[in-house]
Amino acid sequence: MMKKYNFLVLIILGLFATGLTNACKSDLAVGVEDKIATSIPITHINIPYVYNIKIGVTEIDIEGAGFLADDIISFVPRSGQGETVDLPIGSLTDNGVIVAISDNVKDGAYDIRVKRGELSQLIGKTYVNFVFNTDIPDKDGMTVKGTVFVGDKGVADVVVSDGEVVTKTDANGVYYLPSAKKNGYVFVSVPSNYEVITTNTVPLFFKPLTGITSDAEIRDFELFPVNNDNHVVAFLADIHLANRNDDIAQFQSNFLADINKTYDYYKDQNKKFYGLTLGDQSWDQYWYANNFKLAEYLQTIKDLEFPIYNVIGNHDYDPYVALNDWLAASPYRNLMGPTYYSMNIGQVHYIILDNMDYKNTGGSNGIIGDREYTNVIAQEQLDWLQKDLSYITDKSTPIVVAMHVPLHSNPDANGNSNISLQNGATLVGMLSAFNNVKVLTGHTHINYRVKQSGSNITEYNIGAVSATWWWTGRSGYAGNHICKDGSVGGYAVQEVEGRTQKLYYKSIGYEKDYQFRSYDLNTVHITAAAHTPNANATFKEKVPGIAGEYATKRDDNQVLINVWGYQDNWKINVTENGNTLPYTRVRKKDPLHLISYDLQRINVNADPTSSFTTTNTAHLFLVKAAEAKTTLKITVEDEFGNVYSETMERPKAFNYTMR
């Protein structure tokens, strides 16, 4: 015998009052299209705003008159995620129907529709909320309560927050929050050696709050035990899918193939694997023009077999919303959850921050604004962060902070850099008590690493998955995938064993040991004839100015080495005929990117977009060889003792596909 759930004990805040006629109901809640297109005569509908369904209960009541035994009740997710679940009516009652709840119905907001033959009619909206313990007593001032549990037991000492107040579960896994419900959600900081369920790769560590009633809302979180002390995180910056520049095809054939190969590599070692985006999964400018928003991005990655935590980027806001960061971020929150939160994977504490205030002056319904923003961490986030960090009593715990905009500026030729985030010094001060802090950022589409002298913080600004916004691999262009600093488009991979962290940059389409590229500057000669054959005379005249020093033919036997993951504790060695050659760190432009983007635009008689043009970078090194046709042995050793090498046979050709 199936258990039966009595909806009278629910929080009954139906959108349709008992006694409404079907016609009146349609006018109020369904809309003109449904009223015209449907004629299912169901009345006296009473749908609770929240179905608090105790876990293990398999049936619910739906109140209303006029149901037929063959009707189908459809639960349609309102978030855009998940599939519609069609449920047959189990039995008719005097007050309505009993419906068996399928395992496919998950926590979340739903439209409830009734289907009869070819007709489909909206009868209500609700939030399905599966509850571990319905008997948690209320407490004065506590507006959210719940249990964090595994199986049939609560989990103690799990940190729970609404983005303002922070608490921990008690010995029975129960928590209370005096939440103002301002942010509209509650989330757990997933504890070490646990995971949560995922939907379309998004870990569901958060649950929305209705905020409709002053009664305490129940929000429970189910955890699943795993062993993730040894784990891997792939940091994915600036994916920028927008359904342009052949980006979907490039993404699927190149990036997805590469990340799946990386995942399989670590899966074979029994390591837990996670993704963590660094913002700009989408591109706000094309949300509406190309009908490609965050939901479409999630559909593109939904078949990946590992969970992906997310960071919001400046291009992940609704470009129709002006001067209201909170509202502009609503589509992101609805699909991906809070814009700031924390979690624990193994022995590492990960913190995700939103370090932008989206302005978008001039935006309105149907009109995209200027999409401008301020690089700053809101005070409410800093207040929350202080509380979150207070629960980490062991200051030797590794901390990883992920956010979109860099903390530090692009270094100069001496490796010097400044804090560039508006209130970055405050963040640095809050993290100063911890011995080992890594900051992972994106946004720039280049690679650089910064560690201030005496600091406990190392920043890894990561090159983009999209490289130069998918331009160089676009049909008819350079046929490669290269970032603005000459790095190959790619992502960072952090290998963790206990508290030991090793991080490297993974170039898409190459093995993990591909960490630098060398140029024989004797062969690097950028000319209009060679690199912009299709440009008209006006645009050809621009080539020398863009090419700069590379516009001049040279024969001084200099070699340029681009080491995209370079840090000050890396070692470089170059030998010629057994003799060690000195090298000089320089800050300049990578020649391959110049011909792969800047001059490709000139070649089609278009000016390069200023944000996409080749960037000066300081992970370049000059070496002067004794002769023009000697072979150089180049080795680069990272801080972990990994040695990467190239036997450079010269002359080395300069072309679009060079390694």
Side-chain angles (χ1 to χ4, degrees), residues 238-255 283 285-286 289-290 444-447 463-490 507-510 517-554 560 562 564 588-617 620 651-659:
D238 299 274
I239 295 172
H240 275 295
L241 290 185
N243 195 23
R244 65 190 300 273
N245 280 349
D246 307 322
D247 57 354
I248 307 300
Q250 292 185 65
F251 182 79
Q252 291 174 335
S253 62
N254 298 330
F255 169 74
W283 196 343
Q285 185 175 355
Y286 300 97
N290 292 357
T444 62
H445 295 242
I446 65 175
N447 274 292
V465 169
S466 65
T468 306
W469 290 263
W470 305 104
W471 271 103
T472 67
R474 176 181 174 174
S475 178
Y477 277 63
N480 58 26
H481 195 55
I482 185 172
C483 297
K484 300 195 305 177
D485 62 343
S487 304
V488 183
S507 298
I508 294 172
Y510 295 88
R517 181 192 301 114
S518 66
Y519 299 99
D520 182 351
L521 293 184
N522 287 351
T523 66
V524 177
H525 185 205
I526 298 176
T527 65
H531 298 101
T532 59
N534 299 323
N536 62 32
T538 299
F539 276 90
K540 284 184 184 295
E541 289 177 357
K542 300 182 180 185
V543 172
I546 293 173
E549 63 180 286
Y550 304 115
T552 301
K553 175 68 175 174
R554 59 195 304 166
L560 183 67
N562 189 337
W564 34 79
K588 59 172 63 183
K589 295 180 178 180
D590 179 274
L592 181 55
H593 189 266
L594 283 169
I595 66 170
S596 297
Y597 174 71
D598 303 60
L599 295 188
Q600 291 294 325
R601 297 299 291 145
I602 295 296
N603 193 46
V604 294
N605 299 313
D607 286 316
T609 300
S610 59
S611 298
F612 306 166
T613 55
T614 310
T615 298
N616 284 311
T617 183
L620 295 172
K652 180 179 180 179
F654 178 59
N655 53 51
Y656 297 108
T657 60
M658 66 185 306
R659 282 181 59 93

Check Trp283, Tyr286, Phe251 against His240 for a ring pair (Phe, Tyr, Trp, His ring centres under 6.0 Å) and give me the one that passes. Trp283
Pairwise side-chain contact, Lys542 with Asp607, heavy-atom cut-off 4.5 Å (strictly under): yes
Spell out, as yes or no, whether a donor-acceptor pair under 3.5 Å connects the side chain of His481 to the backbone of Val465. yes
Here the pair of heavy atoms bringing Gly463 nearest to Asn447 is N-OD1, 3.1 Å
What is the minimum heavy-atom distance between Ile595 and Tyr656, and which atoms define it? O-CE2, 3.4 Å
CA sep, side-chain torsions, deciding dist, call: Asp238, Trp469, side-chain contact (heavy atoms from CB on, under 4.5 Å): CA-CA 8 Å; Asp238 299 274; Trp469 290 263; over 6 Å; no
Rounded distance [0.5 Å steps], CD1 in Ile526 versus NZ in Lys553: 12.0 Å
Walk me through it: do Val604 and Gln600 pass the test side-chain contact (heavy atoms from CB on, under 4.5 Å)? CA-CA 7 Å; Val604 294; Gln600 291 294 325; over 6 Å; no
N/O donor-acceptor pair under 3.5 Å between Thr444 side chain and Ile446 backbone: yes
Please tell me whether Thr472 and Asn480 have a donor and an acceptor in their side chains that are separated by less than 3.5 angstrom. yes
Would you say the side chains of Thr614 and Asp598 form a donor-acceptor pair under 3.5 Å? yes
Using the rule side chain to side chain contact (heavy atoms under 4.5 Å, CB included), only one of Val488, Thr617, Leu620 pairs with Trp564; which is it? Val488
Could you tell me which residues satisfy side chain to side chain contact (heavy atoms under 4.5 Å, CB included) with Asn603, sequence neighbours excluded, listed by chain and number? Thr532, Pro533, Asn534
Using the side-chain contact (heavy atoms from CB on, under 4.5 Å) rule, take Phe612 and His445 through it: C-alpha gap first, then chi angles, then the decisive distance, then the call. CA-CA 9 Å; Phe612 306 166; His445 295 242; over 6 Å; no
Atom CG in Asn254, atom CD1 in Ile508: separation rounded to 0.5 Å? 7.0 Å
Restricting to non-hydrogen atoms, name the atom on Leu560 and the atom on Pro591 that form the minimum distance, rounded to 0.1 Å. CD2-CD, 3.9 Å
How long is the straight-line distance from CG of Asn616 back to NZ of Lys484, given to the nearest 0.5 Å? 10.5 Å
List the steps, then state whether side-chain contact (heavy atoms from CB on, under 4.5 Å) holds for Ile482 with Trp471. CA-CA 9 Å; Ile482 185 172; Trp471 271 103; over 6 Å; no
For Cys483 and Ala467, the nearest pair of non-hydrogen atoms, with its separation, is SG-CA, 3.7 Å
Residues forming a side chain to side chain contact (heavy atoms under 4.5 Å, CB included) with Asp520, sequence neighbours excluded: Asn522, Thr523, Met648, Arg650, Pro651, Lys652
Rounded to the nearest 0.5 Å, what's the gap from NE2 on His593 to OG1 on Thr468? Could you check? 3.0 Å
Do Tyr519 and Asp590 have side-chain atoms, one donor and one acceptor, less than 3.5 Å apart? yes
Of all heavy-atom pairs between Ile546 and Pro608, which one has the smallest distance, and what is that distance? CD1-CG, 4.5 Å
Do Asn245 and Arg474 get their side chains close enough for a donor-acceptor pair, meaning under 3.5 Å? yes
Mind checking the CG-NZ spacing from Asn562 to Lys588? Nearest 0.5 Å is all I need. 11.5 Å
Using 0.5 Å steps for rounding, measure from the CG atom of Leu599 to the OG1 atom of Thr613. 11.5 Å
Which atom of Lys589 lies closest to which atom of Tyr550, heavy atoms considered: O-OH, 2.6 Å
